[in-house]
Amino acid sequence: AITQMERAGGLLCDGLRSQAVAHGLAVTVSGPPQMPYMTFAGDVGLERMTAFASEAAQRGVYLHPRHNWFMSAALRDEDIADALERTDEAFAIVRRRWLS
């Protein structure tokens, strides 16, 4: 189970980092892969993170805006790929809101 959670978390973290770069957004993804957390650079009040988490949740991906996330051993690569499709949309909205 630990190996699967590390794998799923690693895929998620790598995907989020890549998406942020593609959208011109600076993020930090911290924590062990089984309990990742992401913040936006300069987002002192977590306004961007809250918006990102809200947009992701509206698309079925639940990411807490102020606390580490917990990976499940039940997550498959396909689940992470699906989640990343949805977070890419959330990044696009955050980018438009703050960088337009």
Side-chain angles (χ1 to χ4, degrees):
I2 292 171
T3 301
Q4 179 54 25
M5 288 184 287
E6 286 176 345
R7 177 176 172 70
L11 289 172
L12 180 66
C13 292
D14 291 345
L16 291 171
R17 285 184 193 102
S18 294
Q19 288 176 342
V21 168
H23 287 282
L25 297 164
V27 299
T28 298
V29 181
S30 61
Q34 309 91 316
M35 296 184 350
Y37 180 61
M38 185 185 81
T39 55
F40 288 87
D43 190 21
V44 177
L46 298 177
E47 192 175 337
R48 288 182 190 181
M49 190 57 213
T50 299
F52 177 81
S54 175
E55 294 297 336
Q58 290 177 49
R59 291 158 179 75
V61 179
Y62 301 100
L63 304 170
H64 198 290
R66 292 173 167 75
H67 195 280
N68 290 74
W69 313 324
F70 298 93
M71 303 307 291
S72 167
L75 290 169
R76 301 165 300 148
D77 291 0
E78 299 83 27
D79 299 320
I80 300 300
D82 181 59
L84 288 170
E85 284 181 29
R86 297 161 192 244
T87 58
D88 193 51
E89 295 172 20
F91 273 120
I93 291 167
V94 168
R95 184 187 190 293
R96 281 194 302 270
R97 193 174 296 167
W98 274 275
L99 297 181
S100 293

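The first residue of the sequence shown is numbered 1, and numbering continues consecutively from there.
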List the atom of [X], the atom of [Y], and the distance in Å for their closest heavy-atom pair.
{"X": "Gly31", "Y": "Asn68", "value": "CA-ND2, 4.4 Å"}
{"X": "Leu46", "Y": "Pro65", "value": "CD1-O, 4.0 Å"}
{"X": "Met49", "Y": "His64", "value": "CE-O, 4.2 Å"}
{"X": "Asp79", "Y": "Ala74", "value": "OD2-O, 3.8 Å"}
{"X": "Thr50", "Y": "Arg66", "value": "OG1-NH1, 3.0 Å"}
{"X": "Cys13", "Y": "Pro36", "value": "SG-CB, 3.4 Å"}

Problem set entry | Phe52 vs Leu16 side-chain heavy atoms within contact, under 4.5 Å |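 The answer is yes, as the side chains (C-beta and beyond) meet within the 4.5 Å cut-off.
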Exercise. Distance-only, no hydrogens or angles: does the Gln19 side chain make a donor-acceptor pair with backbone N or O of Leu84 under 3.5 Å?
Worked result: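 Side chain of Gln19 to backbone of Leu84: a pair is present.
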For this session: For the pair Asp14 (side chain) and Leu11 (backbone), establish whether a donor and an acceptor sit closer than 3.5 Å, ignoring hydrogens and angles.
Result: no
So does [X] have more than 12 non-hydrogen atoms from other groups sitting under 6.0 Å from [atom1]?
{"X": "Arg7", "atom1": "CZ", "answer": "no"}
{"X": "Glu47", "atom1": "CD", "answer": "no"}
{"X": "Ile2", "atom1": "CD1", "answer": "no"}

Atom pair [atom1] ([X]) and [atom2] ([Y]), whose distance is rounded to the nearest 0.5 Å:
{"X": "Ile80", "Y": "Glu85", "atom1": "CD1", "atom2": "CD", "result": "12.0 Å"}
{"X": "Met71", "Y": "Gln4", "atom1": "CE", "atom2": "CD", "result": "8.5 Å"}
{"X": "Arg76", "Y": "Asp82", "atom1": "CZ", "atom2": "CG", "result": "9.5 Å"}
{"X": "Arg17", "Y": "Thr28", "atom1": "CZ", "atom2": "OG1", "result": "9.0 Å"}
{"X": "Gln58", "Y": "Arg86", "atom1": "CD", "atom2": "CZ", "result": "12.5 Å"}

Is there a path from [X] to [Y] through hydrophobic residues (I, L, V, M, F, W, Y) whose side chains come within less than 4.5 Å of each other?
{"X": "Val21", "Y": "Tyr37", "answer": "no"}
{"X": "Leu99", "Y": "Val27", "answer": "yes"}
{"X": "Met5", "Y": "Trp69", "answer": "yes"}
{"X": "Ile93", "Y": "Val61", "answer": "no"}

Exercise. What class does the angle between the rings of His67 and Phe70 fall in, given that below 30° is parallel, 30 to 60° is tilted and above 60° is perpendicular?
Worked result: tilted
For this session: Could you list the residues that satisfy side-chain hydrogen bond (donor to acceptor under 3.5 Å, both in side chains) with Asp88, not counting sequence neighbours?
Result: His23
Exercise. Going by distance alone, is a donor N or O of one side chain under 3.5 Å from an acceptor N or O of the other, for Thr87 and Arg59?
Worked result: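 No donor-acceptor contact under 3.5 Å links the two side chains.
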